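Because the structure is predicted, anything quoted here is derived from the model rather than measured.
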Amino acid sequence: MRKSWDNPLPHAMPESACVLPEVRIGNVHVAPATILAPMAGVTDTVFRRFIRNASVFSSGQTHPSATADGTDLTHQVDSSISNLQSGCGLIMTEFTSADGLARCRESRRKRYLAFYEDEHPISAQLFGSDAGVVADAASVVEQLGFDLVDLNLGCPAKRVVKCNGGSGLLRDLPQIRRIFEAVRAAVTIPFTVKFRMGWSDAEIVCVELARLAEDCGLNGVALHARTREQGYSGNARWEYIAAVKDAVKIPVMGNGDIRTPEDAVAMVAQTGCDAVMIGRTAPSNPWIFRQIAEYTASKQATGVGTYTQPSEEDRYQMIRTYFAMLVEEDLPDAAGKMKQFASWFTHGVANGSHLRKAVYEAKSGTEVLARVDEFFERSLAVCS
């Protein structure tokens, strides 16, 4: 059976709705209101900076922003929205064990949660079930200079759930309250939570949980509109994001099944959410945030939403840039990361299976880069 990710739901395009230009989460200004979701094994510092750079959007660039009759829209785009800003307003770390962070030495803490100054604003996500331990870890996050701290109540992985972490806590709202209160008392930076609808369809708690978060002084909530039982199968049920938005006054971030700028706009129109959070689409389409910014700006300026599609040269530069960043960072598992990302990054590349095979067979990061260069030199020569 094919998963819903391969069979996206069609959305009627609203005439006026757009992703918001900004949202305030506590004292943190997020502009635009788009967020890179935390993803285990993905959103390390290299990928986060890569996404920020891939998302830069300038109204001065030339791209096929045109109406059906061929009218060029580029010069009409609102410069206050599109002028050399990143289309990704907030980035988040991979989820980090609160217990591991609270226990380890200071030198290891910095390796656990390494980030660069150009990553601000940035949120660190924690998981754990002991209120005191999570509060201590949140204090470490604040000391390290993060702008926000987030609690993971959504991870469906068995190894996390069996320790009562991630979505395992969705069955224990009293313990969630204790964690909320302890963390809120421990830090002054904005505190948010990302959660699922509930454990199963018989145990939907998202509205109650959002109200609990607001009562405990949290500054925002993010809902992945699936249950833990669903995992990543089935369609995200955006109506629950709308229900959460109706229930609280703090910012609500919607997450689930945003593959295109049209999806992002449709989610805002259908739910009223304050920001959109994008996860699995980002590794296969790193331009998604820039495309949303282009779509929003052109639609506001002209009533017609348009955005660029990457060329083969764009895909080459994208793959090479990320892989080169891994080599430059001198990570011990750089080649492994390249092989992991090859399946995502080759999505849409002509004869991408040949490139994947070449990457998988390479023995080092520098060899992977050489294979990528060889593949695209041949490919682009044929295209020209």
Side-chain angles (χ1 to χ4, degrees), residues 4-5 8-14 16-25 28-39 42-43 48 51-52 54-55 57 81-82 85-92 121-123 125 148 150 154 190 192-197 206 210 219-226 232 235-246 248 250-300 305 307:
S4 60
W5 189 257
L9 291 174
H11 300 296
M13 273 300 96
S16 59
C18 281
V19 174
L20 296 177
E22 63 181 358
V23 62
R24 282 200 172 273
I25 303 175
V28 175
H29 181 223
V30 176
T34 53
I35 302 167
L36 174 64
M39 289 176 281
V42 178
T43 52
R48 296 191 305 260
I51 286 293
R52 270 274 164 81
S55 301
F57 171 43
I81 295 174
S82 62
Q85 77 174 45
S86 174
C88 182
L90 176 67
I91 52 181
M92 301 183 70
I122 180 171
S123 175
Q125 188 183 68
L148 307 92
D150 183 78
T192 61
V193 60
K194 184 173 186 283
F195 54 97
R196 287 178 176 248
M197 292 157 43
C206 54
N219 303 100
V221 295
L223 176 62
H224 180 176
R226 286 182 172 88
Y232 296 96
N235 291 301
R237 289 174 277 178
W238 292 355
E239 64 269 24
Y240 285 95
I241 300 174
V244 167
K245 176 61 183 171
D246 288 342
V248 296
I250 56 177
V252 173
M253 295 153 268
N255 176 231
D257 291 358
I258 297 178
R259 304 169 182 82
T260 66
E262 290 90 343
D263 290 338
V265 171
M267 176 183 278
V268 172
Q270 292 178 31
T271 70
C273 64
D274 301 285
V276 294
M277 181 179 284
I278 298 172
R280 288 178 293 163
T281 293
S284 59
N285 178 16
W287 303 277
I288 182 63
F289 295 100
R290 187 188 73 195
Q291 289 174 336
I292 291 172
E294 291 173 342
Y295 185 93
T296 299
S298 59
K299 187 171 183 179
Q300 288 180 341
Y307 55 93

Listed partners of Arg48 passing salt bridge (Lys or Arg N to Asp or Glu O under 4.0 Å), at least two apart: Glu119

For Arg52, the salt bridge (Lys or Arg N to Asp or Glu O under 4.0 Å) test, sequence neighbours excluded, returns none

Candidate pair Thr260 and Gln291, rule side chain to side chain contact (heavy atoms under 4.5 Å, CB included), full reasoning: CA-CA 8 Å; Thr260 66; Gln291 289 174 336; over 6 Å; no

Taking the side chain as every heavy atom from C-beta outward, state whether [X] and [Y] have any atom pair closer than 4.5 Å.
{"X": "Pro251", "Y": "Val221", "result": "no"}
{"X": "His224", "Y": "Tyr232", "result": "yes"}
{"X": "Glu262", "Y": "Tyr295", "result": "yes"}

Closest contact, heavy atoms only, [X] versus [Y]:
{"X": "Phe289", "Y": "Ala282", "result": "CE1-CB, 4.4 Å"}
{"X": "Val19", "Y": "Ala264", "result": "CG2-CB, 3.8 Å"}
{"X": "Met267", "Y": "Val276", "result": "SD-CG1, 4.0 Å"}
{"X": "Met277", "Y": "Ala37", "result": "CG-CB, 3.5 Å"}
{"X": "Asp257", "Y": "Asp263", "result": "O-OD2, 3.6 Å"}
{"X": "Ile258", "Y": "Thr281", "result": "O-OG1, 2.7 Å"}

Could you state the interatomic distance from [atom1] ([X]) to [atom2] ([Y]), rounded to the nearest 0.5 Å?
{"X": "Leu20", "Y": "Cys273", "atom1": "CG", "atom2": "SG", "result": "7.5 Å"}
{"X": "Ile288", "Y": "Leu36", "atom1": "CD1", "atom2": "CG", "result": "11.5 Å"}
{"X": "Cys88", "Y": "Arg290", "atom1": "SG", "atom2": "CZ", "result": "13.5 Å"}
{"X": "Glu22", "Y": "Thr34", "atom1": "CD", "atom2": "OG1", "result": "12.0 Å"}
{"X": "Ile292", "Y": "Ile278", "atom1": "CD1", "atom2": "CD1", "result": "3.5 Å"}
{"X": "Asn255", "Y": "Ile241", "atom1": "CG", "atom2": "CD1", "result": "7.0 Å"}

Across all chains, not counting sequence neighbours, the side-chain contact (heavy atoms from CB on, under 4.5 Å) partners of Val42 are Met39, Phe47, Pro283, Gln340, Phe341, Trp344

What residues, two or more places apart in sequence or in another chain, satisfy side-chain contact (heavy atoms from CB on, under 4.5 Å) together with Ala275? Val23, Ala33, Ile35, Met253

Under the side chain to side chain contact (heavy atoms under 4.5 Å, CB included) criterion, do Cys206 and Phe195 qualify, and how do the steps go? CA-CA 8 Å; Cys206 54; Phe195 54 97; 3.7 Å; yes

What residues, two or more places apart in sequence or in another chain, satisfy side-chain hydrogen bond (donor to acceptor under 3.5 Å, both in side chains) together with Glu239? none

With sequence neighbours excluded, what pairs up with Gln125 under the side-chain hydrogen bond (donor to acceptor under 3.5 Å, both in side chains) test? Asp150, Asn152

Are Val252 and Thr271 close enough, and set up right, to give a side chain to side chain contact (heavy atoms under 4.5 Å, CB included), and what steps lead you there? CA-CA 10 Å; Val252 173; Thr271 70; over 6 Å; no

Between the main-chain N or O of Pro21 and the side-chain N or O of Thr296, is there a donor-acceptor pair closer than 3.5 Å? no

Passes side chain to side chain contact (heavy atoms under 4.5 Å, CB included), Lys194 versus Met92? Steps please. CA-CA 11 Å; Lys194 184 173 186 283; Met92 301 183 70; 5.6 Å; no

